[in-house]
Amino acid sequence: MQIIDGKKVSEEIIEQIKIETGEFKASCGKVPGLAVVLVGDDPASAVYVRNKGKACERAGFHSYEHRLPADTSEVDLLALVRKLNADSEVNGILVQLPLPEGMDSQKVLEAIDPAKDVDGFHPVNVGGLASGISDLAPCTPAGIMELLDRYEIPIEGKEAVVLGRSNIVGKPAALLLLKRNATVTICHSRTKNLKEVTARADILVAAIGKADFVTADMVKEGATVIDVGINRVDGKLKGDVDFEAVAPKTSYITPVPGGVGPMTIALLMKNTLTAFKKQNSL
Ligand code: GUN
């Protein structure tokens with residue numbers, strides 16, 4: 001059993017991006033700019049946004065943080081998004097989810113210029129992902145693919161089972177695995193005989209948001225288990241996988257924290273660099 005070190009890989013990716021950014025700065029005097037919009041004061045979201053700002057600093061990017069009060073109107077938020085769309089210094093825009101109750105998240109996501117949609121949530125990019133032609137895939141699933149590749153875990157022809165069907169993780173993870181020729185099954189709360197399905201998986205991606213949901217009897221001997229869960233239990237972070245019980249059965253497993261989490265931010269930096277290059281024809 002090998003533990004997949006997402007923290008180390010994410011640091012390597014950000015280091016590579018920093019080098020490339022330095023080269024662009026030297027050759028054309030420009031660096032990528034990422035705008036992050038946080039509405040309200042959800043403490044978990046505030047931590048994520050702060051970490052995104054820190055990652056920008058490490059990558060050598062400009063970072064623009066917009067904190068708006070929880071009672072901001074949808075009209076005002078849409079006006080900010082349009083302003084950022086028009087700002088040539090801003091190459092990537094991320095509106096932190098979830099938005100406060102009463103706001104139409106889909107409408108806000110659709111207002112973002114698809115070329116600046118570093119989350120990959122705009123319908124144009126979702127469609128591109130479904131067709132296998134997008135270069136801005138959602139950061140968490142893209143981070144999972146990067147981990148599989150860096151650890152040289154075979155994907156083609158393998159049984160991949162994704163637990164969870166969210167737009168942020170489950171669905172795009174399934175599409176990315178399919179693009180790499182895995183045989184993909186998506187499971188969810190209504191799936192029958194769940195254990196039978198998950199026990200077939202060579203690659204099991206757990207993204208259901210329930211602490212310790214995946215138990216040893218659900219996992220095939222020698223499987224790769226990717227844990228996307230971030231569940232707060234008694235002040236501690238817990239994944240969706242019962243790590244202690246499952247890890248001995250696996251070939252590879254991601255820990256929580258230090259697995260997929262840091263990769264999401266690294267891939268956000270990568271998407272911002274990709275958007276910057278495209279917008280500047282570099
Ligand atoms: N909230 C939780 N994960 C994400 C993410 O990947 N992007 C955004 N914008 N909000 C999130």
Side-chain angles (χ1 to χ4, degrees), residues 6 10 13-14 34-56 63-68 70 72 74 77-78 80-81 84-85 90-101 103-114 116-126 129 134 136-147 162 164-176 205-210 226-232 237 239-240 254 256-257 259-272 274-275:
S10 72
I13 291 172
I14 291 178
L34 173 66
V36 177
V37 181
L38 173 62
V39 188
D41 37 32
D42 175 59
S45 292
V47 172
Y48 295 141
V49 167
R50 198 169 337 121
N51 287 341
K52 284 163 188 170
K54 280 189 203 160
C56 281
S63 152
Y64 308 94
E65 211 174 286
H66 295 267
R67 286 170 180 266
L68 306 177
T72 300
E74 200 174 280
L77 177 57
L78 290 169
L80 172 60
V81 169
L84 297 171
N85 282 343
V90 172
N91 306 107
I93 302 169
L94 179 144
V95 177
Q96 185 67 30
L97 301 176
L99 286 170
E101 200 93 2
M103 278 220 189
D104 184 345
S105 301
Q106 194 56 34
K107 194 167 167 189
V108 174
L109 295 177
E110 287 181 22
I112 296 172
D113 179 348
K116 296 189 177 186
D117 169 37
V118 285
D119 257 330
F121 294 163
H122 190 285
V124 166
N125 290 320
V126 175
L129 181 67
S134 169
L136 291 175
C139 303
T140 301
I144 293 170
M145 302 309 289
E146 194 79 39
L147 284 178
V162 180
R165 55 176 158 179
S166 71
N167 290 335
I168 294 183
V169 184
K171 277 188 229 166
L175 288 168
L176 289 172
V205 177
I208 35 165
K210 288 187 183 152
I226 306 291
D227 190 349
V228 188
I230 305 179
N231 308 290
R232 268 163 234 276
L237 275 192
D240 288 350
T254 61
V256 176
V260 174
M263 292 301 290
T264 299
I265 292 195
L267 269 289
L268 175 65
M269 300 300 115
K270 194 171 171 190
N271 276 353
T272 304
T274 300

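Read the numbers this way: they start at 1 and go in the same order the structure lists the ligands and their atoms.
Between Ile265 and Ser10, the closest side-chain pair of non-hydrogen atoms is not below 4.5 Å. The shortest side-chain heavy-atom distance between Val37 and Val108 does not fall under the 4.5 Å cut-off. Ile230 has its side chain within reach of Tyr48: a pair of non-hydrogen atoms, C-beta onward, lies under 4.5 Å apart. For the pair Glu74/Asp104, a side-chain contact is recorded, criterion being any heavy-atom separation below 4.5 Å from C-beta on. Between Phe121 and Leu97 the shortest side-chain heavy-atom distance falls below 4.5 Å.
Between Gln96 and ligand 1, at least one N/O pair is under 3.5 Å apart. For a threshold of 3.5 Å applied to N or O pairs, the pair formed by Leu97 and ligand 1 contains at least one separation below that value. Taking distance alone, with nitrogen or oxygen atoms compared against 3.5 Å, Val95 approaches ligand 1 more closely than that limit. Polar contact with ligand 1: present for Asp119 (N/O pair, distance under 3.5 Å).
Within the structure, ligand 1 lacks Tyr48 among the residues with a heavy atom less than 4.0 angstrom away.
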